[in-house]
S.K.: 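Could you have a look at this structure, given as structure tokens, before my questions?
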There are 2 protein chains.
Amino acid sequence: MKKDVFMFAEGNASMRDILGGKGANLCEMANIGLPVPPGFVVSSNVCADYYKNEEKLSTKLEENIITALRKLEKTSNKEFGNPNKPLLVSVRSGSRVSMPGMMDTILNLGINDKVAKGFATLTGNERFVYDCYRRFILMFSDVVMELDTEEFDRILQDAKDKKKIKYDYELDVEDLKNIIKKNKVYYKEKLGVDFPQEPEVQLMEAIKAVIRSWNNQRAILYRKINAIPNEWGTAITIQSMVFGNTSNKSGSGVAFTRDPATGENKLFGEFLMNAQGEDVVAGIRTPAPISHLEQENPALYKQFKDIAHKLETHYKDMQDIEFTIEDSKLYILQTRNAKRTIHAGLKVAMDLYREGALDEKEALLKVDASQLPSLLLPQFDTESLKKITPIGKGLPASPGAGCGMMAFNATKAIEWKAEGKKVVLVRQETLSEDIEGMSVSEAVVTARGGMTSHAAVVARGMGKCCVTGCEDIQFSNDYVTFKDKKYVEGDIISVNGSTGFIYEGKIDRKPATLPKDFLTIMEWAKKYKILKVYQNADTPTDARAGVELGAEGIGLCRTEHMFFKAGRIEKMREMIVANTLQTRQVALDKLLPMQRQDFTELYQIMKGMPVTIRLLDPPLHEFLPDLKNRKEIADLAQSFRMTEEKLEQVINDLHEFNPMMGHRGCRLAVSYPEIYNMQARAIIEAALNVKKENGFDIKPEIMIPIICDLKEFEFVKNNVEKTVKEVLANANATMEYKIGTMIELPRAALMADKIAEQAKFFSFGTNDLTQFTYGFSRDDATKFLKSYYENRIFDFDPFVTIDQNGVGSLMKMASEKGRSVRPDIKIGICGEHGGEAKSVDFCHRIGLNYVSCSPFRVPTAILAAAQANINNPKK
Amino acid sequence: MKKDVFMFAEGNASMRDILGGKGANLCEMANIGLPVPPGFVVSSNVCADYYKNEEKLSTKLEENIITALRKLEKTSNKEFGNPNKPLLVSVRSGSRVSMPGMMDTILNLGINDKVAKGFATLTGNERFVYDCYRRFILMFSDVVMELDTEEFDRILQDAKDKKKIKYDYELDVEDLKNIIKKNKVYYKEKLGVDFPQEPEVQLMEAIKAVIRSWNNQRAILYRKINAIPNEWGTAITIQSMVFGNTSNKSGSGVAFTRDPATGENKLFGEFLMNAQGEDVVAGIRTPAPISHLEQENPALYKQFKDIAHKLETHYKDMQDIEFTIEDSKLYILQTRNAKRTIHAGLKVAMDLYREGALDEKEALLKVDASQLPSLLLPQFDTESLKKITPIGKGLPASPGAGCGMMAFNATKAIEWKAEGKKVVLVRQETLSEDIEGMSVSEAVVTARGGMTSHAAVVARGMGKCCVTGCEDIQFSNDYVTFKDKKYVEGDIISVNGSTGFIYEGKIDRKPATLPKDFLTIMEWAKKYKILKVYQNADTPTDARAGVELGAEGIGLCRTEHMFFKAGRIEKMREMIVANTLQTRQVALDKLLPMQRQDFTELYQIMKGMPVTIRLLDPPLHEFLPDLKNRKEIADLAQSFRMTEEKLEQVINDLHEFNPMMGHRGCRLAVSYPEIYNMQARAIIEAALNVKKENGFDIKPEIMIPIICDLKEFEFVKNNVEKTVKEVLANANATMEYKIGTMIELPRAALMADKIAEQAKFFSFGTNDLTQFTYGFSRDDATKFLKSYYENRIFDFDPFVTIDQNGVGSLMKMASEKGRSVRPDIKIGICGEHGGEAKSVDFCHRIGLNYVSCSPFRVPTAILAAAQANINNPKK
């Protein structure tokens, strides 16, 4: 039987897998002597048991919890349910990685009618106590019993309306007692039982509710976005309460050891006096900057500053700290590595290195590789900005330049995004259920909330442009005003997350300038990685961008994109409708010089770095117009001097039930070898030209798609090679070149040892490999996979992060089989996963030679490759 | 260096892999003292070398051939190119399994101008010698040089026209010399060189041509139909010529030791005097029955009969023997296990057993399991036949009852078949290029040729109804006459392959009566097999048929087929257009009693044998009408009281780009658990009823399709199981049941150890598994796979025979993984492959528990399972 309950003294920071980040850090802080209210942690392992045990806690676990509770009573010298020295606790969730605001928390637990009376006497602050009781009833009813809280809100509002007051704190003790009474009546009416008075019953129910909150919709969605396994579960921290709302000598706050938006090395945060923690984060009252605490209470401010410094040094990373002041005494309630923008991430890592706290490798590990692409997002053109008057200003919560149609709720944002529109989500404040709406928006603006509000924290985590606390906005029923000017939903605004300014209409943007720290990090990353990082690029523009960002070659040039251009698609279509080899060849001869020019430009840009060119992949019908498009059909038929009926016949003949599984890739080359021969000719002729003209030593890599068998590869390869040899012989030249294959069908992976007899390189096409291994297509799956996430069947999107167990095992098998036959075979990946940090780590661990990804993800891949090799060094 | 040339004395029958069937048996016969002309064999291994060596023979091989040739000259006391004692040889193909007529042969090699002159003096038969020379030039030009032979035919025809004669044998020496001269002129004109006079050059070229003939179109097609690997290659037999055409004392013949159509134990065959072997098979002259040889030459007939008996005893199987008589001396040129109809196959095996030549296991191995389904083909109703006068009669070459439209050539037959028509191929005689046309026809009729003609041999191999030598047919330009009555292409005839009669129009057919020998063989097979054989059956009719044929359970009951029936599809559609759980449930409630009745009937028929029911599998749009069908759309919309636009919207929403990879199988049950719940309820309620009413101990097996992951399986299984438990609890009953899964996605195979934690059985859906492993759909692949066969990339159809290397390796992996976690897991296969003999053998070898196939393939599966266990016994 594994230990499932840990007193703070029994845990430490390394135990986050079972204690959760919050619990583990509370243990650690308690043990290094920081002022942490005492408590204990229930292991995250109990989550799985809970579901196995028909959603019940085991008797053994209940016993262990009670034992821990008794110890806590002893340490705190308070007792559960004892009105003379009542122990109140918080019950909090906390998984091994931070999931801010996704799961539930219950505060003030242990209070009941009797305790309230005693506690009021004890504190001499009856109003405070009954407010605690009111809040507890509300939270318990909401989180534990899942009652609709509307009625509670109505009761509260009625009380305020009756007294014609606006704020909760204006209610007096009698009001509160009255509200509590009404709440309890409503509770019994709905649930048929009285509100529970036994603290231990409250506790067990609260623990179960926190466990269940691991599986609420927003937590599932968050895990999906962040590829966090469902199995992990949440730990539960039970901690003696301290109160920031006892008087004006009390308060709560959140602070970062550095600025999470810019990385600047100064204490950054906010606090509210006479408030509990959630009041600060919820954004209902706008809190004061942390620096004001110095005026409020200089000694306490100094104590906090010292603790913050101690924590940063202890954890060797920027911290995000929650604290409460109870009657002028400071308590630390949480510390964690702070979420930050990539700008801050880079600066903090480099500053810590410059301060001597980290070495190069440690600094590299501090930067979140997946955030790097947001560095490359365009910025507003400063010149344009100067000419325009902003319509509002808020806090620069997360940098970036976002333009789009205003959506006033998440549903609208999601709907418009699905229609291909760009959206800015504008809200009073954001709540957890807004997560998905935020993730689809170009920018997020809130009227309330500070730099550590929900909107700010989540947006920074997403690398999303965000302005919070913009008090220039007033919400009305179906419109908003910015400084008295009315705007309706759908109006376009521009948001500058670096300055907090908001503008009307769309503002020009220009490419980002890359910070110097980025360049240093990239330089170091290149030094420590062993995976090569290539780019997927089909155009000179892409290729140039990738090279600038550090790409060491092209891992995937998709030749079909080149045929869709005007001036080419016509020839492509001519080729497709041709019904003899001869007429097909005529069309191909027209495409040859264009294709050669494509490759020439790419070779010139890549200056002798590897260029891997994939021969034609999609089914031919993709190049033909839709039959519904009668005008285009008529024109096309005329231009080919054929009847419309005949052209329709051609298009119908090419129709496929499942085009993904149809006549595509090398299968086209088995039917029409002349297509690949034209492409091979263009590849080699261009290489010879560039070698001659520019002196670059081009070694083309020709990649054959959709291979499933050695003999298929041999057949296509032999044809292609014949052309290559012919071109070289005609030019009386020699040239190193490689012919290799994509591994994108399960059978190719299974037969990799055979295929490697002939193939000089493998490139995993993990998009298709994922589709065929799972048996669903990306296009069609979007619809039904939603239920898979909701029902916790999938905890990540296999099209974003490699499915290491299934698809990954095929990759591993194929690599091993390939190497067993051809030890020096070059193996890489060119699916979208090649630029995703977790997948890059996997590619490193299974020993690939390179990853290839979109140019803008090259920095991510480089850093992820370095981190992978630091974590798991390969010789 | 492996030995690549073998004198007959150096080989034996067990060496067919390298010497080919023909070569190995010639060696064997020579060594047991039969009159075989001397010779040697070039190993089939040289085929692969030939292609690796740029289509050349290696110097070493050429040397070895010459050495063997010298030995042959010594043995035969004849010499290559020596006019005084000339050695002439045949060069023949022969692979390890018989591919009759698929590859090339060259006879009379070694003749040239000088040799002809000497040979004529030596034999005193100038006409014979120059006819040999003429034939050699023709064959060499055709087979080796691939010249178009039309011109040769024209020269020959001109000569006959000039003399106003009809037959070749009416030409005299001068005519032949003249023809040879013209042939040589044409040869030089076309090829720019003289016809080769050096016998050794002729020999090397001929050997290369025979190697190449392994890869001609018809050989490739034959291999595909029979799943023969392309790698095997052909051996080449070089043998001293004997001549059946020297005089009327010479002749050639072909004979079977028993009747290949019925199995009757009497010498069966044909011969032609004064003829070479190909004259007998080609069907140009109708030969005499072998019994006539007794009158012609009683001693020789007795000698042949004794040899035939000796060979049958030696090989323990019915033989197919080629012989030549040269000047009254008998030579045996070939023996092989005879191709036979399944009727003959059963009788021969059982007769040999009854004669004491074979034991039960050996007898089982003699029957071709794949032929068994043709036993089940319907036969003409004897009563109907009595009332009708046949329009023609030929030889009953291969039994069966075929009706269809007459096609006068293979192209037409293929075209009509593709349009869904039933065709009877009617030809003067068939040639190798007619193979595909024959394979798509219901029956084959030829005007010429005997019981051993090409048409007869190939049709028997295919289990195809065939009548040969029907002299009542006369061919004209665009019609045929049967006894003076004119018929055009497309007219329907009926062909009785068991009697040789042909009838006008379509004749009623009735189910076949199964021969007694079949029942014995099945009984034995059940004794020796360990694989269980189940059937795929969705209807009572199917299920009854399968049980009658020996099925031991239902391995796949596809529930969707039940929803397409009238009276149900309406409810299914109602369910699909429902947009709330409640309305969906209303429709499902209507389907429940129907579905329950389906299962009740099946359980009653299966009497307690396992019944595996697969829950709904296809995407929902398959149940809705096509949008083009406006009338149906309008009616449907009206019946659902919705607008047509709304219905269109529903249909459009369900549209998928790749439906095979879409919202189907268990994915539907994740979105709409209520569908599977209704099915689970029907399954259990029906089982309870039948248990109660009929007393059968039903143990339903519920099969979930399209599973890719354990958690997915768990989710769906838990829902289904909840319903099962609910039904059982309501009935206050217990029942054994299993919930298992299809393994039809590559990922399911890869994750089989995880899935087996929860699944009680696996059933390989090899149709889908093949599609996803290869990444092509059966529907779309037909078009492009043609080129794959033509180009020798694929040598079998993976949808017919399991791809053991790719798909099979996933099956093996999944079985091993599944058993590692759940040792008693029941594992089977329910794809089409479950009834294909080679695939059944594979399933046996990887240790599956059962195979399941269409009812009519159950006997094949049973016999193949027994053969598999005899060949590779499992404990």
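Chain letters run A, B, ... following the sequence lines, proteins first, then strands; residues in each count from 1. Computed from heavy atoms alone, side chains included, the values below leave out hydrogens, waters and symmetry copies.
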S.K.: Just to verify, which of A:His655, A:Glu656, A:Arg667, A:His663 counts as forming a side-chain contact (heavy atoms from CB on, under 4.5 Å) with B:Asp780?
M.R.: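 With B:Asp780 as partner, side-chain contact (heavy atoms from CB on, under 4.5 Å) holds for just one option, A:Glu656.
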S.K.: Between A:Thr773, A:Leu745, A:Leu668, which shows the greatest number of heavy-atom pairs under 4.5 Å with chain B?
M.R.: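 Highest number of pairs under 4.5 Å: A:Thr773.
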S.K.: A:Tyr788 versus B:Val670: any side-chain heavy-atom pair under 4.5 Å?
M.R.: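 They are in side-chain contact.
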S.K.: With a 4.5 angstrom heavy-atom cut-off, which part of B:Gln771 approaches chain A: side chain, backbone, both or neither?
M.R.: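 Looking at B:Gln771, backbone and side chain both touch chain A.
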S.K.: Is chain A contacted by the side chain of B:Phe772, its backbone, both, or neither, given a heavy-atom distance below 4.5 Å?
M.R.: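 Both backbone and side chain.
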S.K.: Do A:Phe715 and B:Ser787 come within less than 4.5 Å of each other through their side chains, counting heavy atoms only?
M.R.: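 They are not in contact (no side-chain heavy atoms under 4.5 Å apart), so the answer is no.
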S.K.: Heavy-atom pairs under 4.5 Å with chain A: which of B:Leu810, B:Ile706, B:Asp709, B:Asn791 has the most?
M.R.: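 When all of B:Leu810, B:Ile706, B:Asp709, B:Asn791 are compared, B:Asn791 has the most.
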S.K.: Sort out for me which of A:Cys708, A:Ala749, A:Gly775, A:Ser809 touches chain B most, counting heavy-atom pairs under 4.5 Å.
M.R.: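 Result: the option with the highest number of such pairs is A:Gly775.
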S.K.: Examine whether an atom of B:Arg664 lies under 4.5 Å from a heavy atom of chain A, and if so say whether it belongs to the side chain, the backbone or both; otherwise answer neither.
M.R.: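 B:Arg664 has no heavy atom closer than 4.5 Å to chain A.
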S.K.: When heavy-atom pairs shorter than 4.5 Å are enumerated against chain B, which of A:Glu744, A:Arg747, A:Met813 gives the highest number?
M.R.: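 Max contact count across the listed options: A:Arg747.
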S.K.: Quick check on B:Ile793 against chain A: is it the side chain, the backbone, both or neither that has a heavy atom closer than 4.5 Å?
M.R.: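 Interface part for B:Ile793: both.
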S.K.: Heavy-atom distance under 4.5 Å between the side chains of B:Asn805 and A:Lys754, does that happen here?
M.R.: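 Not touching, per the 4.5 Å side-chain cut-off.
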S.K.: Among B:Val807, B:Leu710, B:Asp803, which residue has the highest count of heavy-atom pairs closer than 4.5 Å to chain A?
M.R.: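 Most heavy-atom pairs within the cutoff with chain A belong to B:Asp803.
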S.K.: Would you say A:Lys812 has more than 12 foreign heavy atoms packed within less than 6.0 Å of its NZ?
M.R.: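 Open: at most 12 neighbouring heavy atoms sit under 6.0 Å from NZ of A:Lys812.
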S.K.: Does any backbone or side-chain atom of B:Asp653 lie under 4.5 Å from a heavy atom of chain A? Answer side chain, backbone, both or neither.
M.R.: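 It is the backbone, since no side chain atom gets that close.
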S.K.: Between B:Phe713 and chain A, which part of the residue has a heavy atom less than 4.5 Å away: side chain, backbone, both or neither?
M.R.: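 Contact with chain A: none, neither part.
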S.K.: Against chain A, work out which of B:Ala748, B:Ala781, B:Gly806 has the most heavy-atom pairs shorter than 4.5 Å and name it.
M.R.: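 Of the options given, most contacts go to B:Gly806.
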S.K.: Should the pair B:Arg792-A:Glu712 be classified as a salt bridge under the 4.0 Å nitrogen-to-oxygen rule?
M.R.: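 Not counted as a salt bridge, because no side-chain N and carboxylate O are separated by less than 4.0 Å.
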S.K.: Checking A:Tyr774 against chain B: side chain, backbone, both or neither under 4.5 Å from a heavy atom?
M.R.: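 Looking at A:Tyr774, backbone and side chain both touch chain B.
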S.K.: Tell me, for B:Met751 versus chain A, whether the close heavy atoms (under 4.5 Å) come from the side chain, the backbone, both or neither.
M.R.: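 Side chain of B:Met751 only, per the 4.5 Å heavy-atom cut-off to chain A.
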S.K.: In Å, rounded to the nearest 0.5 Å, how long is the span from CE of A:Met661 to CE of B:Met660?
M.R.: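 These two atoms lie 5.5 Å from each other.
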S.K.: Pick one of side chain, backbone, both or neither for B:Ser671, based on which atoms fall under 4.5 Å of a heavy atom in chain A.
M.R.: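 Both parts, heavy atoms under 4.5 Å.
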S.K.: Taking side chain as everything from C-beta outward and backbone as N, CA, C, O, which of these in B:Leu769 sits under 4.5 Å from a heavy atom of chain A? Side chain, backbone, both or neither.
M.R.: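 Answer is neither: B:Leu769 stays 4.5 Å or more from chain A.
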